[in-house]
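Have a look at the structure below, then the notes.
Note that the coordinates shown come from a computational prediction; the quantities given were computed from them, not determined experimentally. Residue numbers start from 1 in every chain, and the chains themselves are labelled A, B, ... in the order their sequence lines are given, proteins ahead of strands.
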Amino acid sequence: MTATPRVRFAPSPTGQVHIGNIRVAIFNALFARHEGGHFLLRVEDTDLERSTPEAVEALMEVMDWLELGADEEPLFQSRRREAHLAAAEQLIQGGHAYRHARSAEEAPATFFRVQPIPDTEHSGTRSVGEQQLALMADHPLRVDFSGIQWVGVSRKGKADPAACCLEGMADLKVLDAEGAVLFSLAENLDAVKSGELEFESEAGASLQFTRREIWFKDGVKGELAKSLDAMKDLVIVRGDGSPVFHLANVLDDIEQRVSHVIRGDDHVENSYRHLALYAALGESAPVYAHLPMIVNEQGKPYSKRDGDAFVGDFRAKGYLAEALFNYLALLGWSPGDDREKLNRDELIEAFSLEQVQQSPAQMDFRKLNHLNGQYLQDLPQDLYLADVRDLLSRQPWAEGCSLDTWTSFALLMRPRLQRYAEVLDWSWLAQADFERNEKALKRGLGKAWQRNAAEALLEKLEAGSSLSEAREAVCAEQELDPNKLMLPVRVGLTGQPGGPDLEELLGMMDSGSFAERLRISLAAL
RNA sequence: GCCCCCUUCGUCUAGUGGCCUAGGACACUGGGUUUUCAUCCCAGCGACAGGGGUUCGAGUCCCCUAGGGGGUGCCA
């Protein structure tokens, strides 16, 4: 494998882009950049029922936001339908596929004949010895051009129906109770394949065959294998004439000259079939690597129903693209050392499939929040201010303050911000009549002395004193340490349990509304 | 049911037979800094799923059990 690696991200544009999906894209991009290869995009929009232009647009937006630009124009799978169907026809001509209806009502579909694959460095077929399978008595066994069906005996002695492709047990012998051969597939394989010969029996006692398995070296999971006698032929073109995922996916990977297929764990079993498809097509197979799934807080994989798992929502909630990218890269992968905050270049530099975890990873929003907070602190100030300003420009209540006020306030709030969404809670700065936080009120005005001080303060403000005069006077009258008065003033005027330096804060607020703010706070108590 | 895969603190992870008394991060708890809150600093809590082997030595290798995930579609 000396050519430059080519990888692809191949989502189906149905609805919003999912967090698990985009992580697959991130790993692909990281791999491509690390290897100096190409990162491609393929839109698998063959499911016309569910694929929409809106979804394609949402996909592009998300990829753009995360700077996951592909190196070549995206390939739209739906436009390759004719090529897919032509390839299916070719497979039939070559004896690798056949048309067949499983019942009289169904229109015939095209089935691919699952077969052994040639040995290469990364995959192959090997024998693992002679097998003898006991058959359930009085259950039918059938061998025809579409495969082998039988009923075995499970470990618990129960009937275990099974089926496999013809090539799975090409040297099959059906034996009776005495061990005499009732049927030998090896001698009849061609006749069976062509449909000239079928074998059916109720009397078989056991099956004898050489077990062979398809194996491949997975980039993250190591060597994986699956017995051919556990694989059935698969549909590649439906009865209605539309190509199936397996066919389209493999053909398009060939078209895009994809060298490494990095995809989710849910595709592991597909890889054996896809490998067989490559073999039948006479193409060399890619290297496969399967990524662990992301699961939700219940430990279940995110489904499309998990509302908070859409990439667009993370963006809307004020997460930074770099932070989400960093966090997602760390979900199921680590650089192998203690580093956790890595920028894109560092991630690319450190990335390797061998360091990818093999078990599912759970999203931890708190850790993501923390990381996002760090990225927010690192943002150049003008960018940060521009983002905040943009957000505020869409809030009607923000008109209550000048741009200068918001700018100074945004700077004060910066160290305590984890997500931009928190900016939406800033309305208390602009209005006197905002929603009070009950806990804060209790803490700052709940005690008798606090309340007394606040009421005295209000009285003086209403009588025309300035805030500083009023505070000084109250401290003197009630023999209060000025510091002790801080909290009641803070809560009375801002309604917030904490926040930036009080004096600076008060300087920003409309002094005319101090009395009103205090009055509302006291009344809300 | 059958097939495949996985299993280290609550969570993400380091670990590739001796450097592991199992390290880091988030979260949590306590302390320091701060008029408050946050930031920041320090400390604490906290895991090799269970059982058998192999080995002088096992989180690391093998087997069994349990649990989890994936597959078993004319979905992708």
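- A:Glu213 pairs by the side chain to side chain donor-acceptor pair (under 3.5 Å) definition with A:Arg126, not counting sequence neighbours.
- Contacts of A:Phe209 classified as ring-ring contact (aromatic ring centres under 6.0 Å, His included), with partners at least two apart in sequence or in another chain: none.
- Residues A:Arg238 and A:Ser242 have side chains that bring a donor and an acceptor to within less than 3.5 angstrom of each other.
- Separating the CD1 atom of A:Ile236 from the P atom of B:C74 is a distance of 13 Å, rounded to the nearest angstrom.
- For A:Arg451, the side chain to side chain contact (heavy atoms under 4.5 Å, CB included) partners are A:Glu455, A:Leu522, A:Leu525, not counting sequence neighbours.
- Of the residues in residues 106-113 of chain A, those lying under 4.0 Å from RNA chain B by heavy-atom distance are A:Glu106, A:Ala107, A:Ala109.
- In summary, A:Arg366 and A:Glu297 do not engage in a salt bridge, as defined by a charged side-chain N under 4.0 Å from a carboxylate O.
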Legend entry - B/S/- contact track for nucleotides 36-51 of chain B, protein heavy atom under 4.0 Å: BBSS------------
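- Nucleic acid contact class of A:His267 (heavy atoms, under 4.0 Å, all strands): base.
- Judged by Watson-Crick or G-U wobble contacts below 3.5 Å, the nucleotide B:G1 has B:U72 as its partner.
- Applying the side chain to side chain donor-acceptor pair (under 3.5 Å) rule to A:Lys447 yields no partners; only residues at least two apart in sequence or on another chain are considered.
- On the C1' atoms, B:A22 is 13 Å away from B:A58, given to the nearest whole Å.
- Contact of A:Asn270 with B:A76 (side chain to base): a donor-acceptor pair of N or O atoms is detected under 3.5 Å.
- Listed by first and then second residue, the side chain to side chain donor-acceptor pair (under 3.5 Å) pairs that reach into residues 323-334 of chain A are A:Asn326-A:Tyr375, sequence neighbours excluded.
- Comparing atom distances between the A:Gln357 side chain and each of B:G24, B:U13, B:G70 picks out B:U13 as nearest.
- Pairs engaging residues 350-360 of chain A under the salt bridge (charged side-chain N to carboxylate O under 4.0 Å, His left out) rule: none recorded [sequence neighbours left out].
- With sequence neighbours excluded, the residues forming a side chain to side chain donor-acceptor pair (under 3.5 Å) with A:Arg80 are A:Asp252, A:Glu255, listed by chain and number.
- Counting non-hydrogen atoms under 4.0 angstrom, A:Gln358 reaches the backbone sugars and phosphates but no base.
- Contact check on A:Arg113 versus A:Glu167 returns no salt bridge, with no Lys/Arg side-chain nitrogen under 4.0 Å from an Asp/Glu carboxylate oxygen.
- Every residue two or more places apart in sequence or in another chain that forms a side chain to side chain donor-acceptor pair (under 3.5 Å) with A:Ser146 is listed here: A:Asp144.
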Close N or O pairs between protein and nucleotides 2-4 of chain B (under 3.5 Å):
| residue | atom | partner | partner atom | Å |
| --- | --- | --- | --- | --- |
| B:C3 | O2' | A:Lys226 | NZ | 3.1 |

What nitrogen or oxygen pairs link the protein and nucleotides 9-11 of chain B at under 3.5 Å?
none

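- A:Asp338 has its CG atom 11 Å from the P atom of B:G23, to the nearest Å.
- Using atom P as the reference point in both B:G51 and B:A66, the two lie 15 Å apart (nearest Å).
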